[in-house]
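All chains are named by letter (A, B, ...) in the order of the sequence lines, taking the proteins before the strands, and each is independently numbered beginning at 1. This one's a predicted model, so the numbers in the text were calculated from it and none came from an experiment. Only heavy atoms go into these numbers, but all of them, side chains included; no hydrogens, no water, no symmetry mates.
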Protein chains: 2
Amino acid sequence: MSSSFTKRDFKDAAYGQMARLGKALASPKRLELLELLCQAGRSVEALAVETGMTLANTSQHLQVLQTARLVETSKNGRYVEYRLADTLVSNFFRSFRLLAENRLAEIEQIRRRFFNEEGELDPIDRETLLERLQQRKAILIDVRPANEYAAAHIPGALQIPLEQLKKRLSELPRNKEIVAYCRGPFCVLAKEAVDLLRAHGFRAARLEDGVPDWFAQGFPIATGDEPVRKHVSRAQ
Amino acid sequence: MSSSFTKRDFKDAAYGQMARLGKALASPKRLELLELLCQAGRSVEALAVETGMTLANTSQHLQVLQTARLVETSKNGRYVEYRLADTLVSNFFRSFRLLAENRLAEIEQIRRRFFNEEGELDPIDRETLLERLQQRKAILIDVRPANEYAAAHIPGALQIPLEQLKKRLSELPRNKEIVAYCRGPFCVLAKEAVDLLRAHGFRAARLEDGVPDWFAQGFPIATGDEPVRKHVSRAQ
DNA sequence: CAAACGATCAATTGATTCATTGAATGTCTT
DNA sequence: AAGACATTCAATGAATCAATTGATCGTTTG
């Protein structure tokens, strides 16, 4: 009765372990880090820049995620690359986000506030996109940084990181709708791309899916640096 | 530039909302409460007794879950019944548990420590169970409290709450294997049932699935108070 | 109406977590 | 070997969280 492993001990221990994961998910910044790592692994500094945190703070948050076994590291020279510990984590993170979107109406409000502020229309849905792509009425561009495209992208998507978009507008057809996607519904790259494209007279729309969403819906994904040439935009 | 809703504001707000859910999942006791509510709604007092917490503490944890919109309440007389806000929450909780089991090896150790301590063998798996049930070599009993059985149970399962098991041993056949299930892998009711049955000379095994697991695998579930009579055990 | 009871609230304690700072570690370059 | 650089560590104070206690609210029942 004294030192035995009781029912209560067992439950406390089991749920205590589960709570380790919960604690890792209890900070906005850690969630932002996780979402970035769902796109591609990267260095602490890159993550710090993306999230607007100091290096030390980023490092500590990453260590919390690592302690919860959600991410793992490898050392490349003097860089430490953090990446997801398992693709299971990416799937889980997606269902976590979906639960949040479903249960917390505030998220929809926040999104509306940001995306509709400047006249951004509703995003295009998967089915409409596929249809228009097949009819060659639209082309799809991936506006994330190059390394994320290399890690995984939607097959057939043209790679134009947002930072290059302005210079490469001539590569895009004016007689088609340009659909931009980025990391997912909380990422602003596609919105900025659409704003830029519209400002230059293109018809443009945003796809809310990120690569993990696309993949989770059963669609294929591609990897590697698909070399981008002029004719690729025609091949779309 | 001063009072506008920037990219950073948007991300902080969006991930901040997601973190509300994470925070709700960051406490062992709240996870235990959630798991109980995945079985059936119930009063604050019932939850306090099950989790071994004081009433006030239980109430506060439940309010945290409610603030995160994971559970909701209704008032019945002087009782307040808490229940899951959506079946989505149950599905999510299951994938959360699966992620924890998959990523945290400590959980498997804890489980082994508790279940193997007294010579408990490995649990029986779904497929084997279905096979034996069909061959009439086994019967399945649900050893959870009656209200949880009423809320949802595996079709064909005989309802024998653990507390009644000892008195109702005569209802069980000695020429078949008795398979007991309860709330899931972190629940100890089935283990205790199996221990009791074996102590009385029955062949008994534990099914690790709970009703939510069973349902998530695509199997049907039944509800209501299936009246249990002697002949039901033959009909199994 | 008064007593009993379920649940919540308010206030307190101690423990944990957060972001920041500056120092320390380890690795690459020259 | 020296310097530059990416990352981590350690220490600090502010903020948040967890559990307890006793009071309070609302409903039911005698």
Side-chain angles (χ1 to χ4, degrees), chain A residues 8-9 11-13 15-34 36-37 41-68 70-83 147, chain B residues 8-9 11-13 15-34 36-37 41-68 70-83 147:
Chain A
R8 181 76 352 240
D9 294 338
K11 290 191 179 181
D12 289 348
Y15 290 112
Q17 289 298 322
M18 263 182 92
R20 284 175 60 192
L21 283 188
K23 289 193 173 89
L25 302 173
S27 145
K29 289 298 187 183
R30 282 200 291 272
L31 293 172
E32 193 173 347
L33 289 169
L34 262 185
L36 287 168
L37 293 173
R42 67 196 87 193
S43 70
V44 180
E45 187 177 38
L47 289 162
V49 171
E50 281 280 0
T51 56
M53 288 190 288
T54 63
L55 212 66
N57 198 10
T58 306
S59 174
Q60 282 173 189
H61 276 305
L62 287 168
Q63 284 172 65
V64 173
L65 292 174
Q66 191 177 31
T67 304
L70 292 171
V71 306
E72 59 186 21
T73 62
S74 59
K75 206 158 182 178
N76 276 346
R78 59 190 137 170
Y79 290 82
V80 174
E81 182 185 285
Y82 278 81
R83 78 188 87 75
N147 60 321
Chain B
R8 179 69 3 233
D9 293 338
K11 289 190 180 181
D12 288 348
Y15 289 112
Q17 290 297 321
M18 263 182 92
R20 283 174 60 191
L21 283 188
K23 288 194 175 93
L25 303 173
S27 145
K29 290 297 187 185
R30 282 199 292 271
L31 294 172
E32 192 172 346
L33 289 169
L34 262 185
L36 286 168
L37 293 172
R42 68 195 84 192
S43 70
V44 180
E45 187 177 38
L47 288 163
V49 170
E50 281 280 357
T51 56
M53 288 190 289
T54 64
L55 210 66
N57 198 12
T58 305
S59 175
Q60 283 173 186
H61 276 305
L62 286 168
Q63 284 172 66
V64 173
L65 292 174
Q66 191 177 29
T67 304
L70 292 172
V71 306
E72 58 186 23
T73 62
S74 59
K75 204 156 182 180
N76 277 345
R78 60 191 136 169
Y79 290 82
V80 174
E81 182 185 284
Y82 278 81
R83 79 188 85 76
N147 60 322

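- Minimum heavy-atom separation, B:L47 to B:Y82: CD1-CB, 4.3 Å.
- Distances were taken from every side-chain heavy atom of B:K75 (C-beta onward) to each of C:dT20, D:dG26, D:dT7; the shortest belongs to D:dG26.
- The base of D:dA6 lies outside donor-acceptor range of the side chain of A:E81, with no N or O pair under 3.5 Å.
- Contact between the side-chain N/O atoms of A:H61 and the OP1/OP2 oxygens of C:dT17 is not found at any separation under 4.0 Å.
- Rounding to the nearest 0.5 angstrom, the gap separating the CD atom in A:Q66 from the OG1 atom in A:T73 is 4.5 Å.
- With D:dT7, D:dA10, D:dT20 as the candidates, the nucleotide lying closest to the side chain of A:Q60 is D:dA10.
- Judged by distance alone, the side chains of A:Q63 and A:T67 never bring a donor and an acceptor atom under 3.5 Å apart.
- By the 4.5 Å heavy-atom criterion applied to side chains, A:L37 and A:L62 are counted as neighbours.
- For the atom pair A:R30 CZ and A:L65 CG, the distance stands at 6.5 Å (nearest 0.5 Å).
- Below the 3.5 angstrom threshold, one finds no donor paired with an acceptor across the side chain of B:Q63 and the base of C:dA7.
- In the set D:dT7, C:dT29, C:dG6, C:dT29 carries the atom at the smallest distance from any side-chain atom of A:R78.
- Atoms CG (A:L65) and P (D:dT8) sit 12 Å apart, rounded to a whole Å.
- Protein atom CG of A:L62 is 12 Å distant from nucleotide atom P of D:dC9, rounded to whole Å.
- The side chain of B:A56 lies closest to D:dG22, out of C:dA19, C:dT27, D:dG22.
- If you check every strand for non-hydrogen atoms under 4.0 Å, A:A26 touches nothing.
- For the pair A:L33 CG and D:dT7 P, the interatomic distance rounds to 13 Å; values are reported in whole Å.
- Computed from coordinates, the A:E45 CD to D:dC5 C1' distance equals 9 Å when rounded to whole Å.
- With DNA chain C read from its 5' end, the first of the two nearest nucleotides for B:Y82 and A:T54 is the one closest to B:Y82.
- Under a 4.0 Å N-O distance rule, the pair B:R78/B:E45 does not qualify as a salt bridge.
- Considering only side-chain N and O atoms, A:R30 lies under 4.0 angstrom from the phosphate OP1 or OP2 of C:dC18.
- The side chain of A:S59 places an N or O atom within less than 4.0 Å of a non-bridging phosphate oxygen (OP1 or OP2) of D:dT8.
- Atom CG of B:L55 and atom P of C:dT8 are 8 Å apart (whole Å).
- For the pair B:Q66 CD and C:dA7 P, the interatomic distance rounds to 13 Å; values are reported in whole Å.
- Nearest-nucleotide positions on DNA chain C for A:N76 and A:K23 put A:K23 closer to the 5' end.
- Atom-to-atom, CG of B:N57 to P of C:dC9 comes out at 14 Å; the value is rounded to the nearest Å.
- B:T58 comes within contact range of no nucleotide atom at all, as no heavy-atom separation falls under 4.0 Å.
- Rounded to an integer number of Å, the gap from B:D12 CG to C:dC18 P is 15 Å.
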